[in-house]
Amino acid sequence: MLTNLKEQPKDKILGLMAMYRDDPRPTKVDLGVGVYKNAEGVTPVMRAVKAAERKIIEEQTSKAYTGLAGDPAYADAMIDMLLAGAVERDRLAAVATPGGTGAIRQAFELIKMANPKARVFVSDPTWPNHISILNYLGIEMVKYRYFDDETRGVNFAGMMEDLADVTSDDVVLLHGCCHNPTGANLNLTQWQEVVDLINEKGCTPMIDIAYQGFGDGLEEDAAATRLVAKSVPELLIAASCSKNFGIYRERTGLLIAMSEKAENTAVTQGNLNHLNRQNFSFPPDHGARVVTTILTDPELKADWMAELEETRLGMLALREQLASELQRLSGSDRFGFLAQHRGMFSRLGTTPDLVEKIRVDNAIYMVGDSRMNIAGLNAHTVPVLAKAIVDAGV
């Protein structure tokens, strides 16, 4: 049977990681993988996470399964952090998932169950796994223009023109903050225009929010998601704790489904539970319990928020340093967009050939579409990257 299998397309980011590992040059810089690293190149365990884990080890009395939806306290804590009362709790169904990817997969499965005719509109570009999962599930995917390679900002006119084609059967997938892979985000005025179009067309919005706290702040990064939740009848939200809690390997995500009326919530919750049962039964609990412990303990929450803010400001400082250094070397303001982008990523808007030239000449690794992980830099490697970009003629 297994001889019938065909080789799957190689994951470009995983391939880039392998090339980086095999590169013997001591000056090599990894800007490819989407993982936060501090100035020493380490993905640290946050102080509050360590404290929460010690507390859990001391107090936990059982490793029995949680429910199919996970620990209700985790859903409550995450919903409060994400939505802060923007919508009535009794309209919200939620399930814990293995990471944000698990939440996205379950959301797409739910869409397919609820309406097999649904198309999912995704930004061009978007996180590649969105497209991969949609293709695997056989859900029709439609791209809408998003990134402008000239301005390195949002092509909002093109986006709205393309979204004018949605129907009431369709789903529009939006990035809640810190757009991956571009780093270019809508402002709240533009978000309101998107909400107005969604309501006019009667389609369903879905928000992927994986970087809350990495952009403009914990509350600021949730503003768009809360605006959408307050404004539309139905909404899907796929949330990840990998980045803002630094618990990548614990695979901690949440899928929220908002119904128009509270009387629909029980059926929606039952379907979410059913999907968990079919895919992995009971979700993992350790990361979820860490998050719950932090968010429900005032001292731990305050310490986590302080360290998260230090992380955010550190990435912002790297952005500003890089933009300034590029301005100095190029004598041009054309790289000012780097200081305006938010989150871990920015897209240079250059060609794969120049990205490859930068890798070959300088041992600087970024994805071929010119997405680079700002968190892979430090104060010493920023000037190296800036010179490589200018020397390559970007």
Side-chain angles (χ1 to χ4, degrees), residues 34-35 45-46 48-49 52-53 55-57 59-83 89-114 127 129-130 132-134 136-137 173 176 206-212 225 235-259 265-297 300 304:
V35 175
V45 181
M46 298 180 83
V49 168
E53 287 183 316
K55 186 175 181 180
I56 290 167
I57 289 171
E59 297 179 1
Q60 194 171 53
T61 58
S62 175
K63 291 290 186 182
Y65 293 124
T66 60
L68 285 173
D71 182 3
Y74 168 62
D76 288 341
M78 284 291 291
I79 286 170
D80 184 58
M81 184 183 79
L82 283 163
L83 295 175
R89 180 65 177 87
D90 59 6
R91 291 175 56 199
L92 303 174
V95 285
T97 59
T101 304
I104 290 162
R105 172 62 182 264
Q106 298 298 68
F108 290 163
E109 295 261 23
L110 187 72
I111 290 164
K112 191 172 183 178
M113 284 177 63
W127 183 48
N129 225 17
H130 288 152
S132 179
I133 297 171
L134 287 169
Y136 180 76
L137 292 174
L173 177 56
M206 174 179 163
I207 293 177
D208 179 1
I209 183 164
Y211 302 95
Q212 185 183 355
T225 301
L235 172 64
L236 299 174
I237 302 172
S240 170
C241 299
S242 293
K243 281 77 177 179
N244 51 11
F245 287 88
I247 50 174
Y248 298 86
R249 67 177 62 174
E250 304 301 348
R251 311 310 302 127
T252 307
L254 186 78
L255 173 59
I256 303 169
M258 184 184 85
S259 297
T265 302
V267 172
T268 303
Q269 184 68 59
N271 278 271
L272 291 178
N273 293 356
H274 173 76
L275 284 172
N276 271 15
R277 181 62 168 165
Q278 306 318 303
N279 278 300
F280 45 78
S281 277
F282 302 93
D285 180 67
H286 181 73
R289 200 159 293 272
V290 168
V291 169
T292 307
T293 301
I294 292 171
L295 292 180
T296 56
D297 183 302
L300 288 180
W304 166 70

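FYI, side chains are in, hydrogens and waters are out, and symmetry mates aren't considered; it's all heavy atoms of this structure.
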Item checked: Residue of the set C241, P98, P283 for which side-chain contact (heavy atoms from CB on, under 4.5 Å) holds with T252 -> C241
Check: Hey, is CZ on R277 packed in by over 12 heavy atoms from elsewhere, all under 6.0 Å?
Finding: no
Checklist line | Over all atoms of both residues, closest heavy-atom pair of G246 and M46 | finding: N-SD, 4.2 Å
Checklist line | Short side-chain to backbone donor-acceptor contact, N244 and Q212, under 3.5 Å | finding: yes
Margin query: Between N279 and L275 (side chain of the first, backbone of the second, donor and acceptor by atom type, cut-off under 3.5 Å), is there such a pair?
Written below: yes
Check: Judged by atom type as modelled, is there a donor-acceptor pair below 3.5 Å linking the side chain of K112 to the main-chain atoms of L137?
Finding: yes
Checklist line | Expected output: side-chain T265 to main-chain D90 donor-acceptor under 3.5 Å | finding: yes
Next item on the list: Nearest 0.5 Å please: distance from the CD atom of Q278 over to the CD atom of E109.
Entry: 9.5 Å
Next item on the list: Using a cut-off of 6.0 Å, state whether more than 12 heavy atoms not belonging to F280 lie near its atom CZ.
Entry: yes
Margin query: For N271 versus M113, what's the shortest heavy-atom pair and its separation?
Written below: OD1-CE, 3.1 Å
Next item on the list: Look at the rings of F282 and Y65 and say which category their plane angle falls in: under 30° parallel, 30 to 60° tilted, over 60° perpendicular.
Entry: parallel
Notebook entry, point to check: Does R105 reach the main-chain N or O of F108 with its side chain, forming a donor-acceptor pair under 3.5 Å?
Noted result: no
Next item on the list: For A103 and L254, work out which heavy atoms get closest and say how close.
Entry: CB-O, 3.5 Å
Notebook entry, point to check: Do V49 and I247 come close enough that some side-chain heavy atom pair is under 4.5 Å?
Noted result: yes
Check: For the atom pair NE2 (H274) and CG (L68), what is the distance rounded to the nearest 0.5 Å?
Finding: 10.5 Å
Notebook entry, point to check: Less than 4.5 Å apart, any side-chain heavy atom of W127 and any of T101?
Noted result: yes
Notebook entry, point to check: At their closest point, which heavy atom of A69 faces which heavy atom of N276, and how far apart are they?
Noted result: CA-ND2, 4.3 Å
Note to self: Quick check: closest heavy atoms across T225 and L235, and the distance to 0.1 Å?
What the structure shows: O-CD2, 4.5 Å
Notebook entry, point to check: How many angstroms lie between CD1 in I237 and CD1 in I256, if you round to the nearest 0.5 Å?
Noted result: 4.5 Å
Margin query: Using every non-hydrogen atom in the two residues, find where P284 and R251 come nearest and quote the distance to one decimal.
Written below: CG-O, 3.7 Å
Note to self: Under the criterion side chain to side chain contact (heavy atoms under 4.5 Å, CB included), I'd like the reasoning laid out for F245 against V290: C-alpha separation, chi angles, the key distance, then a yes or no.
What the structure shows: CA-CA 9 Å; F245 287 88; V290 168; 5.7 Å; no
